[in-house]
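Report on the structure given below.
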Amino acid sequence: MRLKMARNKIIKIISILVFTLIFNFNSLFANNDKTSLWVENIGKNTLSILGEQSIENNKKEILLEEIFIKNLDIRRISLFVLGPYRKDLDKESSGKYFQSIEDFISKVYAKRLLSYPSGNIKIIKNEDKGKRGKIVYSSIQFNDRPKPISIDWWVIKNRSGDNKVFDIRISGIWMAQEQRSTFTSFLSKNDGDINKLIERLNVQSR
Amino acid sequence: MRYFYKYVSFLFVVIFISNSIVIAEINHDYEKTNRTIHNFNDAIDQNFLKPTSKVYGILPNFVETGISNAISNINEPSNILNYLSQGNIASGAYSLSRFLVNSTIGLVGLFDVASNIGLEKNVTDFGKTLKIWGIGEGQFLVVPFLGPRTSRHFFGTIVDITLNPVRYALKDEDAIVSFSPSIIYALSERSRNGDTIDNLRETSIDYYSTLRSIYLQSREINIVDNFEEDQDIFESDLEEFYEIENGKK
């Protein structure tokens with residue numbers, strides 16, 4: 001009887017130890033998983049370009065555009081920002097639209113980013129959203145600001161299983177959500193004509 | 001005491017009126033008028049705020065920070081009243097502690113000592129109080145000088161202005177998107193974020209809609225306590241993309 005009690009006690013202790021180890025292991029490496037490291041790298045590359053004083057702004061803009069094109073899931077973003085109008089996207093206009101929006105997003109956001117100085121990125125945590133991807137929470141301490149700015153990254157996998165950024169939340173504002181509001185408003189004023197949107201995107205990207 | 005009676009009478013008026021303005025979602029019925037007022041506010045920004053903020057930007061950072069801290073401290077009593085009206089006693093006590101610390105050790109609020117000892121700034125307003133009381137957002141409006149507002153937020157702003165005119169005369173937390181006449185804060189924010197605002201204006205395909213989206217998103221953060229839980233706004237769309245990619249559609 002005593003032996004049985006002692007055995008149960010040992011099993012209980014081992015279970016608690018195993019549970020504690022697993023729990024601590026997960027929390028220890030929560031910020032160091034592959035997605036967080038991938039995001040951290042993008043952040044560091046971007047900040048190093050912004051802080052590089054030997055490079056002129058035109059060149060910086062091109063380098064930032066390359067980062068966007070490489071790491072954003074442009075196709076999904078393109079569809080998302082159309083809102084209900086994406087059902088009107090036919091094969092004929094879709095090719096032109098995807099190209100225009102790639103130019104628009106990369107150029108516009110590169111231009112917007114250029115007004116920021118360099119800084120340091122810190123990954124805070126990440127949240128697994130299952131097949132919908134992960135949200136990586138980070139904060140960036142820009143060199144000219146007294147307080148860090150929170151930047152969250154919605155990361156999803158593409159068909160090849162590579163990480164791609166679907167959306168970025170800067171100080172609480174989701175960028176793709178902001179664009180969707182703007183695009184759907186433009187389309188509603190122009191009878192849902194996607195060709196007019198393409199023309200406008202091309203003008204803005206120049 | 002007079003201040004307290006004034007506040008209580010306002011609560012009654014609001015409860016009375018609120019029954020007629022409960023609307024579940026944000027409506028956008030006045031777009032044409034909104035766009036006209038937006039153009040007016042934009043002209044104010046470009047012709048007055050932008051050039052003046054450049055002059056304001058010459059001030060040393062510590063002077064700007066001191067002024068901003070003092071104005072923020074003036075706003076704490078309004079935060080306390082709103083938290084109490086929301087039934088949030090803990091946050092009311094928290095704001096009271098901040099007010100006491102900054103008004104004494106922080107030399108009338110010039111120094112934000114409270115933040116340095118872990119009492120970080122919290123902001124609330126009567127718009128949030130109305131939300132807690134079950135009032136819907138109502139219409140999306142653009143108000144001259146004040147900028148984007150939902151009708152609930154606008155009504156809350158009127159109450160907040162009446163309760164604490166100094167706050168809105170000097171500092172409006174939404175000044176970054178509102179170009180409000182709360183001169184000092186607006187100038188300070190315009191000076192600090194000048195390039196960002198100008199970039200946004202230049203690169204947006206519809207500046208009015210961009211500001212509307214930014215306002216509504218930032219307002220959501222201000223009034224939803226646990227906005228982390230409220231972040232799944234894209235999921236239905238994302239799900240649809242996955243279904244398209246997986247050939248289910």
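Naming: A, B, ... by sequence-line order, numbering from 1 per chain. Just so it is clear, the model here is predicted, and its values are computed rather than measured.
Judged by distance alone, with hydrogens and angles left aside, the side-chain atoms of Gln177(A) form no donor-acceptor pair with the main-chain N or O of Ser213(B) at under 3.5 Å.
Side-chain contact check for Lys189(A) versus Asp206(B): some heavy-atom pair is nearer than 4.5 Å. With contacts defined as side-chain heavy-atom distances shorter than 4.5 Å, the pair Val203(A)/Ile205(B) does not qualify.
Put simply, CG on Leu211(B) and OG1 on Thr182(A) are 9.0 Å apart, with the number rounded to the nearest 0.5 Å. Phe183(A) CZ to Thr210(B) OG1: the interatomic distance, rounded to the nearest 0.5 Å, is 9.0 Å.
Proximity to chain B involves both the backbone and the side chain of Glu178(A), based on heavy atoms less than 4.5 angstrom apart. In this structure, the portions of Glu202(B) lying under 4.5 Å from any heavy atom of chain A include both its backbone and its side chain. For Leu197(A), the part sitting under 4.5 Å from any heavy atom of chain B is the side chain, from C-beta outward, and nothing else.
Counted by atom type alone, Ser181(A) and Ser209(B) present zero donor-acceptor pairs between their side chains at under 3.5 Å.
For Arg35(B) against Ser185(A), the heavy-atom pair with the smallest separation is NH2-OG, 3.2 Å.
Among the residues in residues 106-113 of chain A, those with a non-hydrogen atom closer than 4.5 angstrom to a non-hydrogen atom of chain B are Val108(A), Lys111(A), Arg112(A).
Heavy-atom neighbours of Tyr30(B) OH from other residues, nucleotides or ligands within 6.0 Å: at or below the threshold of 12.
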